[in-house]
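Take a look at the structure below.
Chain letters run A, B, ... following the sequence lines, proteins first, then strands; residues in each count from 1.
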Amino acid sequence: MILKTTINNVAKHVNETVTIGVWLHNKRSSGKIAFLQLRDGTGFIQGVVAKSDVPEDVFNLAKQLTQESSFYVTGKVVEDHRSPLGYELQVSDIDLIQLTEDYPITPKEHGTEFLMDHRHLWLRSKRQHAIMKVRNEIIRATYEFFNDNGFVKVDPPILTAASAEGTTELFHTKYFDEDAYLSQSGQLYLEAAAMALGRVFSFGPTFRAEKSKTRRHLIEFWMIEPEMAFMDHEDSLKLQEEYVTFVVQSVLERCKLELNTLERDVSKLEKVKAPFPRITYSEAIQFLKEKGFDDIDWGDDFGAPHETAIAEQYEKPVFITHFPVEIKAFYMKPDPDNPEVALCADLIAPEGYGEIIGGSERINDYELMKERYDEHDLHGPAYEWYLQLRKYGTIPHSGFGLGLERTVAWIAGVEHIRETIPFPRLLNRLYP
RNA sequence: UCCAGCGUAGCUCAGUGGUAGAGCAAUCGGCUGUUAACCGAUCGGUCGCAGGUUCGAAUCCUGCCGCUGGAGCCA
């Protein structure tokens, strides 16, 4: 009886004969030997078919195999230092499932539009495979970190009646006879959940109908949003840097092969350990002015070039803290020492990958929250419930949101965010 | 929404007023250690669409459509 296994497990079967269900990734052959680049979803391995070692029909079949043909391959696992995996397969038999014809994505260069039109097939490539594995490890490490730190995962709704921050960038839909919007953040619901469960986090999709067309923007992206009862801004920053450190170190440990495939400079990731540097918004403005930026003043929000200039000063992610209250969300708590600024922070990733976290301590005073409601004209049942959280046992609490895809882009060293999610939703792209 | 660039073979591109090209892919053949293998041959076209200028337009002009990058906005 021949053992059925997968490529990621071949190390356990050296010098044994195994069978693996595979696709042909690429092939090189000569008159009497063929090299098959095989993939099975768990990894990639080279199969060697020598004319002298197999029946003639097996060798002929091997020569006929086309890119992305599917089959069961049987062979002996042998160690080979020339392989990146350290092993290869000496093929003895091939049981064909389908001979593929005219696979569109060839081993040569392709343009962005062509690859995006074939995203359902592009995912099979080595690079996309590696990015998806890194993404998965970030998600896995996230669950581990928050579970180990006493957090409960709660799932906020995706269909909502109103938003936390204006309505211009929301996707509108009908909810029977009412108007509804796709969620742009679960935060308000998470605050309610934190009052019930203490420490909570969510992980889910977020929708922004912004006409953004840059390498850092998706219309639909995934966010990790923790919310912590009885934690102030300072406690929250500590948790954020511990969390990001944990995620980066987990990827370094468990995705060595993938980071190698992606040609990621891991020495830069190895430096990512808490504590992270912090500067205030006011210090950042002063720094930018000294650097020669004359297009920004105190009270303006940063643009992408500003963020990059600040991040370039550091080898680790950097917190920018204490933004002006006016340019931040209505629920952020003003600094008691300087009420013009909020107890909030953005975390900017190194190497120009931009903002990956936005967070703050929340207003917990009922009267102040009511003032904010009046200022922002927040009325009706869609908002009233949130105000009640300040009426029935209000407490200091803080939270933040991490954009998964920007984090994947940074850790994997991927230039464009479209490669960090299996099926990106972009301006002008709803397919495949 | 604005700014810039680009649309030529299945793919990536060259061709800037005078016979439509190359590499890769595909097909056939050769090659026993290849790493985007290599060598030879064959096949492959509505030059984004519409109009205009010209003896003649892939090439120049106008409009439209599409794509890419960036800005604003944001994670």
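Within the cation-pi definition used here (under 6.0 Å to the ring centroid, within 45° of the axis), A/Lys126 qualifies as a partner of A/Phe44.
The residue A/Asn26 sits close only to the backbone: its heavy atoms come under 4.0 Å of sugar-phosphate atoms, none of a base. Using a 4.0 Å heavy-atom cutoff across all strands shown, A/Gly354 reaches no nucleic acid atom at all. Using a 4.0 Å heavy-atom cutoff across all strands shown, A/His118 reaches no nucleic acid atom at all. Within 4.0 Å of A/Thr407, counting heavy atoms only, lies no atom of the nucleic acid at all. Base engagement by A/Glu210 is indicated by at least one non-hydrogen atom pair under 4.0 Å involving a base atom.
One can place CD of A/Glu220 at 17 Å from P of B/A75, the figure rounded to the nearest angstrom. B/A71 atom C1' lies 11 Å from atom NZ of A/Lys213, rounded to whole Å. Between A/Ile320 atom CD1 and B/A75 atom C1' the separation is 14 Å, expressed in whole Å. The interatomic distance linking A/Lys126 (NZ) with B/A36 (C1') rounds to 11 Å, in whole Å. Note: NE2 (A/His217) to C1' (B/G70) measures 12 Å, nearest angstrom. Spacing between atom CD of A/Gln184 and atom P of B/C73 amounts to 16 Å, rounded to whole angstrom units. When the C1' atom of B/C65 is taken as reference, atom CG of A/Asn428 falls 12 Å away, rounded to whole Å. The interatomic distance linking A/Leu218 (CG) with B/C73 (P) rounds to 19 Å, in whole Å.
The pairing partner recorded for B/U1 is B/A71, the criterion being a Watson-Crick or G-U wobble arrangement whose two distances lie under 3.5 angstrom. Checking B/U59 for Watson-Crick or G-U wobble geometry (two distances, each under 3.5 Å) identifies no partner in any strand. Base pairing of B/A36: no nucleotide in any strand meets the Watson-Crick or G-U wobble criterion (both distances under 3.5 Å). Across all strands shown, B/G7 pairs with B/C65; the Watson-Crick or G-U wobble distances both stay below 3.5 Å. Base-pair partner of B/C47: not found among the strands shown (Watson-Crick or G-U wobble, both distances under 3.5 Å). With a cut-off of 3.5 Å on both pairing distances, the Watson-Crick or G-U wobble partner of B/A26 is B/U42. With a 3.5 Å ceiling on both atom-pair distances, B/U54 lacks any Watson-Crick or G-U wobble partner.
Pairing each heavy atom of A/Asn9 with each of A/His13, the nearest pair is O-CD2, 3.3 Å.
Residue side chain A/Gln46 reaches the base of B/U34 through a donor-acceptor N/O pair under 3.5 Å, judged by distance alone. Side-chain atoms of A/His110 stay outside donor-acceptor range of the base of B/C11, with no qualifying N/O pair under 3.5 Å. One N or O donor and one acceptor, one from the side chain of A/Glu88 and one from the base of B/G33, sit under 3.5 Å apart. In terms of polar N and O atoms assigned as donor or acceptor, the side chain of A/Arg429 never comes within less than 3.5 Å of the base of B/C67 in a complementary pairing.
With B/U34, B/U32, B/C67 as the choices, the nucleotide that has an atom nearest any side-chain atom of A/Ser52 turns out to be B/U32. Nearest to the side-chain atoms of A/Arg216 among the listed nucleotides B/C67, B/C73, B/A75 stands B/C73. Comparing atom distances between the A/Glu109 side chain and each of B/G72, B/C31, B/U12 picks out B/U12 as nearest. Residue A/Arg208 has its side chain nearest to B/C74 when only B/C74, B/U32, B/U68 are considered. Nearest nucleotide to the side chain of A/Phe35, out of B/G72, B/C11, B/U34: B/U34. Ranking B/G33, B/U12, B/U68 by closeness to the A/Val48 side chain, first place goes to B/G33. In this structure, the nucleotide among B/A71, B/G33, B/U32 sitting nearest to the side chain of A/Asp80 is B/G33.
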A/Glu220/A/Arg208 under salt bridge (charged side-chain N to carboxylate O under 4.0 Å, His left out): CA gap, chis, key distance, verdict
CA-CA 7 Å; A/Glu220 177 181 314; A/Arg208 306 267 169 104; over 6 Å; no

Run the side-chain contact (heavy atoms from CB on, under 4.5 Å) check on A/Ile363 and A/Tyr331 step by step: do they pass?
CA-CA 6 Å; A/Ile363 290 172; A/Tyr331 49 73; 5.6 Å; no

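Residues A/Thr19 and A/Thr5 are not in side-chain contact: their nearest non-hydrogen atoms beyond the backbone lie 4.5 Å or more apart.
Across B/A58 and B/G40, the matching P atoms stand 32 Å from one another, rounded to whole Å. Comparing the C1' positions of B/U54 and B/G18 gives an interatomic distance of 12 Å, to the nearest angstrom. Separation of the P atoms belonging to B/C43 and B/U35 is 29 Å when rounded to the nearest angstrom. The C1' atoms of B/G7 and B/A75 are separated by 33 Å, rounded to the nearest whole Å. The C1' atoms of B/C3 and B/C60 are separated by 25 Å, rounded to the nearest whole Å. A gap of 5 Å separates the C1' atoms of B/U16 and B/U59, to the nearest Å. Across B/C38 and B/G51, the matching C1' atoms stand 50 Å from one another, rounded to whole Å. Between B/A36 and B/C49, the two C1' atoms lie 35 Å apart (nearest whole Å).
The distance between the ring centers of A/Trp122 and A/Phe423 does not fall below 6.0 angstrom. Checked against a 6.0 Å centroid threshold, the rings of A/His118 and A/Phe114 count as neighbours.
Note on A/Arg418: a side-chain N or O is less than 4.0 Å away from OP1 or OP2 of B/G69. Applying the 4.0 Å criterion to OP1 and OP2 of B/G69, one finds that A/Arg215 has every side-chain N and O outside that range.
Looking only at atom types and distance, the side chain of A/His397 has no donor-acceptor partner in the side chain of A/Asn364 under 3.5 Å away. A donor-acceptor pair shorter than 3.5 Å can be found between the side chains of A/Thr214 and A/His217.
The NZ atom of A/Lys328 lies 9.0 Å from the OG atom of A/Ser360; values are rounded to the nearest 0.5 Å.
For A/Lys27 and A/Glu405, each mapped to the nucleotide of RNA chain B holding its nearest heavy atom, the one lying further toward the 5' end belongs to A/Lys27.
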Where do N or O atoms of nucleotides 22-29 of chain B meet protein N or O atoms at under 3.5 Å, pair by pair?
none

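B/U16 shows a glycosidic angle within 90° of 0 and is accordingly assigned syn.
Of the listed residues (A/Tyr281, A/Phe293, A/Phe287), just one forms a ring-ring contact (aromatic ring centres under 6.0 Å, His included) with A/His306, and that residue is A/Phe293.
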